[in-house]
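What follows is a single structure, written as structure tokens, with notes after it.
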Amino acid sequence: MAIWQFQCFIVPLIKNADKLRGDEIISWKNVEKPLIYPDFLECRKSWSADIVQYGNVDETCIEFIYDKGKLEEINCRLDLRTLTKHNLAQIVEYVQRIEACFLVNDEICLPELEMIISSMEQSKANQYCKSPLEYFKDIDQRG
């Protein structure tokens, strides 16, 4: 993952998610929902035969990770250098369409534009994109 990418998972909306652990929350095992791929991103060849990748891996990218032909998880990385509100709205609408939500830093984020923007504003990727030099100075001070 690149420093300018906002990392999250697209997870199924399930009841009692608050009682699950992280790996159980991101799992698409036993989810009966037929999968729809994001047609607004170009399908690209992945480094793994078990990953169906939409978008460039170092830009905005959604990866569908399979195990033995069954969907395991959906990884989402948003390139905060080039992401437009239109592109973000497409992703949010896609997540709504597949009846899912975002998982950001172990917290559920509903597929609403304002909520995901708020999460992105608080991210390290956003700190870096706003001021790379200040970002690295801050890391050096924590050192």
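For the numbers below, each heavy atom of this structure counts, side chains included, while hydrogens, waters and symmetry mates do not. Quantities reported herein were computed from a predicted structural model and do not represent experimental measurements.
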side-chain contact (heavy atoms from CB on, under 4.5 Å) assessment of Leu78 paired with Met120:
CA-CA 9 Å; Leu78 306 175; Met120 288 187 312; 3.8 Å; yes

Between the main-chain N or O of Pro111 and the side-chain N or O of Gln96, is there a donor-acceptor pair closer than 3.5 Å?
yes

Can you check side-chain contact (heavy atoms from CB on, under 4.5 Å) on Phe102 and Val95, steps first, answer last?
CA-CA 8 Å; Phe102 297 98; Val95 172; 3.6 Å; yes

Taking all atoms of both residues into account, what is the closest heavy-atom pair of Pro38 and Tyr94, and its distance?
N-CE1, 3.7 Å

What pairs with Ser48 under side chain to side chain contact (heavy atoms under 4.5 Å, CB included), at least two apart in sequence or on another chain?
Ser46, Asp50, Ile51

Within the structure provided, determine whether Ile3 and Lys124 are in side-chain contact (heavy-atom separation under 4.5 Å).
no

Check whether any side-chain heavy atom of Gln53 sits under 4.5 Å from a side-chain heavy atom of Cys61, and report yes or no.
yes

What pair of heavy atoms forms the shortest contact from Pro12 to Cys101, and how long is it?
O-SG, 4.5 Å

Should Ile65 and Trp28 count as side-chain neighbours, where that means a heavy-atom distance under 4.5 Å?
no

Among residues at least two apart in sequence or on other chains, which ones pass salt bridge (charged side-chain N to carboxylate O under 4.0 Å, His left out) with Glu107?
none

Can you sort out the partners of Tyr66 under ring pair (Phe, Tyr, Trp, His ring centres under 6.0 Å), two or more places apart, ordered by chain and number?
none

In a table with atom names and distances, give each donor-acceptor pair under 3.5 Å that connects a side chain of residues 83-92 to protein atoms at least two apart or in another chain.
from, atom 1, to, atom 2, distance (Å)
Thr84, OG1, Asn87, N, 3.0
Thr84, OG1, Asn87, OD1, 2.7
Asn87, ND2, Gln90, OE1, 3.4

What residues, two or more places apart in sequence or in another chain, satisfy side chain to side chain contact (heavy atoms under 4.5 Å, CB included) together with Thr82?
Asp79

So, for Val11 and Ala100, which heavy atoms are closest and what is the spacing to 0.1 Å?
O-CB, 3.0 Å

Residue pairs involving residues 54-66 (criterion salt bridge (charged side-chain N to carboxylate O under 4.0 Å, His left out); sequence neighbours excluded)
Glu63-Arg77

What salt bridge (charged side-chain N to carboxylate O under 4.0 Å, His left out) pairs are there with at least one residue in residues 36-46, not counting sequence neighbours?
Glu42-Arg44

Quick one: are Ile98 and Ile74 in side-chain contact, heavy atoms under 4.5 Å?
yes

In this structure, SG of Cys76 is separated from CZ of Phe6 (nearest 0.5 Å) by 8.5 Å

Give the ring-plane orientation class for Phe64 versus Tyr37, where under 30° counts as parallel, over 60° as perpendicular and anything between as tilted.
perpendicular

Do the side chains of Met115 and Leu103 join up, straight or via other hydrophobic residues, at under 4.5 Å, putting them in one cluster?
no

If I take atom CD1 from residue Ile62 and atom SG from residue Cys43, how far apart are they, to the nearest 0.5 angstrom?
11.5 Å

State, to 0.1 Å, how close Asn75 and Cys8 come at their nearest heavy-atom pair, and which atoms those are.
OD1-O, 3.3 Å

Between Ile10 and Leu110, is there shared hydrophobic-cluster membership here, with clusters defined by ILVMFWY side-chain heavy atoms closer than 4.5 Å?
no

How long is the span from the OG atom in Ser118 to the CD atom in Glu112, to the nearest 0.5 Å?
11.5 Å

Heavy-atom closest pair (Tyr54 atom, Leu41 atom, distance to 0.1 Å) is CD2-O, 3.2 Å

With sequence neighbours excluded, residues passing side-chain hydrogen bond (donor to acceptor under 3.5 Å, both in side chains) with Glu114
none

